[in-house]
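Computation of the quantities below employed the complete heavy-atom set of this structure, encompassing side-chain atoms and omitting hydrogens, waters and symmetry-equivalent molecules.
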Amino acid sequence: MEAIDLSGKKGLVVGVANADSLAWSAAQHFRAAGADLALTYYSDKAKPHVEPLAQQVQAMLLPCNVLKAGELEAVFEALGKTWGRLDFVFHSIASAPKEDLQGRLTDCSAAGFSEAMQVSCHSLIRMAHLAEPWMRDGGSLTTVSFYGAEKVVEHYNVMGPVKAALEASVRYLAHELGRSHIRVNAISAGPVRTRAASGITHFEELLDAAAQRSPQRRTIDGCEVGRVALMLASSYASAITGEVVHVDGGFHVEGMVFH
């Protein structure tokens, strides 16, 4: 009987906000497979929501707001001092100012677009840069995307082009890091009720559309994203890199624009 085993592996999970986060589902699966983990929290206000979860998976807990100078670097410095190596990173953060997220792309401010790109896309590039020296025996980086990167999804607004940039970055990072045996992939997750999703207007309509129009006629569960995250972090995915893996019940094959 085969089972994915991450015993002895060291992994960083960025993006746990609460128990509904896709990053939390991934963390649970990583830990159940035997990995040692570090989790991050965004702010002192968020820490009380994340700390009990970190305790559940016996994880290190570190502050990480990627917009604060030096905080991301401090995370990797701490991991290097504690572990001396790193095997995988799960990146699941995205942000944009409310007025830019909920308004038309046509009206998006330069500052709002820049913030969305820094948090949602460039942070992955920074993590790849910081992780590379610690992944001396190879490793895996996985991020989270959405169908709005590929086609227009009504009300996804600025996050559409930002996620498109994220997926392009996955391909370029995979190309550049492949010789170091570091794999880079994205999971394009179907709509799930998370804290981040709550900022998207008419999100309930998107959930209904996914349930009605996806081939499986349902929405997905965060656990399904967690299982694929586990697979991508393991040797089972040793020949998979530069890929966008859709975990959406087939949502993406319908080619629908949702109104």
Item to complete: Any side-chain hydrogen bond (donor to acceptor under 3.5 Å, both in side chains) involving residues 167-179? Give me the pairs, sequence neighbours left out, ordered by first then second residue.
Response: Ser145-Glu167
Discussion item. Would Val50 and Trp24 count as a side-chain contact (heavy atoms from CB on, under 4.5 Å) here? Give the steps.
Written reply: CA-CA 9 Å; Val50 183; Trp24 172 237; over 6 Å; no
Worksheet item: Val244 and Ile182: same hydrophobic cluster, using ILVMFWY side-chain contacts below 4.5 Å?
Response: no
Discussion item. When you compare the side chain of Pro191 with that of Tyr147, does any pair of heavy atoms fall below 4.5 Å?
Written reply: no
Worksheet entry | Nearest-0.5 Å distance, NE2 of residue His246 to CZ of residue Phe146 | 10.0 Å
Worksheet item: Val89, Ile187: one ILVMFWY side-chain cluster at the under-4.5 Å cut-off?
Response: no
Worksheet item: Can you get from Phe88 to Leu177 by hopping between Ile, Leu, Val, Met, Phe, Trp and Tyr side chains that sit under 4.5 Å apart?
Response: no
Response to the item:
Residues at least two apart in sequence or cross-chain that pass side chain to side chain contact (heavy atoms under 4.5 Å, CB included) with Gln216, listed by chain then number, are Arg218
Worksheet entry | Considering all heavy atoms, the nearest Met159-Ala116 contact | SD-CB, 4.4 Å
Worksheet, complete the sentence: In terms of heavy-atom contacts, Val162 and Phe113 come closest through CG2-CE1, 4.4 Å
Worksheet item: Taking C-beta and beyond as the side chain, do Ser25 and Val225 meet within less than 4.5 Å on heavy atoms?
Response: no
Worksheet item: By side chain to side chain donor-acceptor pair (under 3.5 Å), which residues pair with Glu71, not counting sequence neighbours?
Response: none
Practice prompt. For the residue pair Leu79 and Leu62, establish whether any side-chain heavy-atom pair is separated by less than 4.5 Å.
Written response: yes
Worksheet item: Does Ala26 have any side chain to side chain contact (heavy atoms under 4.5 Å, CB included) partners at least two apart in sequence or in another chain, and if so, which?
Response: Phe30, Phe90, Ala229
Worksheet item: Could you state the interatomic distance from OG1 (Thr143) to CG (Leu166), rounded to the nearest 0.5 Å?
Response: 4.0 Å
Practice prompt. Not counting sequence neighbours, which residues clear ring-ring contact (aromatic ring centres under 6.0 Å, His included) with His122? List them please.
Written response: none
Discussion item. The criterion is side chain to side chain contact (heavy atoms under 4.5 Å, CB included); which residues satisfy it with Gln118, sequence neighbours excluded?
Written reply: Leu67, Ser114
Discussion item. Test of understanding: with side chain to side chain donor-acceptor pair (under 3.5 Å), list the residues that count as partners of Lys10, not counting sequence neighbours.
Written reply: Asp36
Worksheet item: Looking at residues at least two apart in the chain, or sitting in another chain, which of them share a side chain to side chain donor-acceptor pair (under 3.5 Å) with Arg227?
Response: none
Worksheet entry | Side chain to side chain, Glu51 and Tyr41, heavy atoms closer than 4.5 Å | no
Fill in: Interatomic distance, Glu115 atom CD to Ser95 atom OG [nearest 0.5 angstrom]
4.5 Å
Discussion item. So which atom in Gly249 and which in Ser214 form the shortest heavy-atom distance, rounded to 0.1 Å?
Written reply: O-CB, 3.7 Å
Worksheet item: Looking only at heavy atoms, which two atoms of Pro161 and Asn157 are closest? And how far apart?
Response: CD-O, 3.4 Å
Discussion item. Nearest 0.5 angstrom please: Gln56 CD to Arg31 CZ, how far?
Written reply: 12.0 Å
Taking distance alone, no hydrogens or angles, what donor-acceptor pairs closer than 3.5 Å link side-chain atoms of residues 230-241 to residues at least two apart or in another chain?
unit_1	atom_1	unit_2	atom_2	d
Ser234	OG	Met231	O	2.8
Ser234	OG	Tyr236	N	3.1
Ser238	OG	Ser235	O	3.3
Thr241	OG1	Val184	N	3.0

Fill in: Residues forming a side chain to side chain contact (heavy atoms under 4.5 Å, CB included) with Thr82, sequence neighbours excluded
Met60
Worksheet, complete the sentence: Heavy atoms of Gly250 and Pro215 approach each other most closely as O-CD, 3.1 Å
Please report, to 0.1 Å, the donor-acceptor pairs under 3.5 Å made by any side chain of residues 104-111, with sequence neighbours excluded.
unit_1	atom_1	unit_2	atom_2	d
Arg104	NE	Asp107	OD2	2.9
Arg104	NH2	Asp107	OD1	3.1
Arg104	NH2	Asp107	OD2	3.4
Ser109	OG	Asp100	OD1	3.3
Ser109	OG	Asp100	OD2	3.1
Ser109	OG	Gly112	N	2.8

Which pairs of donor and acceptor atoms, one on a side chain in residues 123-134, lie under 3.5 Å apart (sequence neighbours left out)?
unit_1	atom_1	unit_2	atom_2	d
Ser123	OG	His91	NE2	2.8
Ser123	OG	Val119	O	2.5
Arg126	NH1	Val66	O	2.9
Arg126	NH2	Glu73	OE1	3.3
Arg126	NH2	Glu73	OE2	3.1

Worksheet item: Are any non-hydrogen side-chain atoms of Ser188 and Glu150 less than 4.5 angstrom apart?
Response: yes
Worksheet item: To the nearest 0.5 Å, what is the distance between OH (Tyr42) and SG (Cys64)?
Response: 10.5 Å
Worksheet item: Are Leu37 and Leu86 joined in one hydrophobic group, where the rule is that I, L, V, M, F, W and Y side chains link up if heavy atoms are under 4.5 Å apart?
Response: no
Discussion item. Would you say Val14 ends up clustered with Val228 if hydrophobic residues are merged whenever their side chains have heavy atoms under 4.5 Å apart, either directly or through other cluster members?
Written reply: no
Worksheet item: Say you draw a straight line from CZ of Arg136 to CG of Asp87; how long is it, rounded to the nearest 0.5 Å?
Response: 10.5 Å
Item to complete: Check Ala17 against His49 and note the closest heavy-atom contact, atom names and distance.
Response: O-CB, 3.5 Å
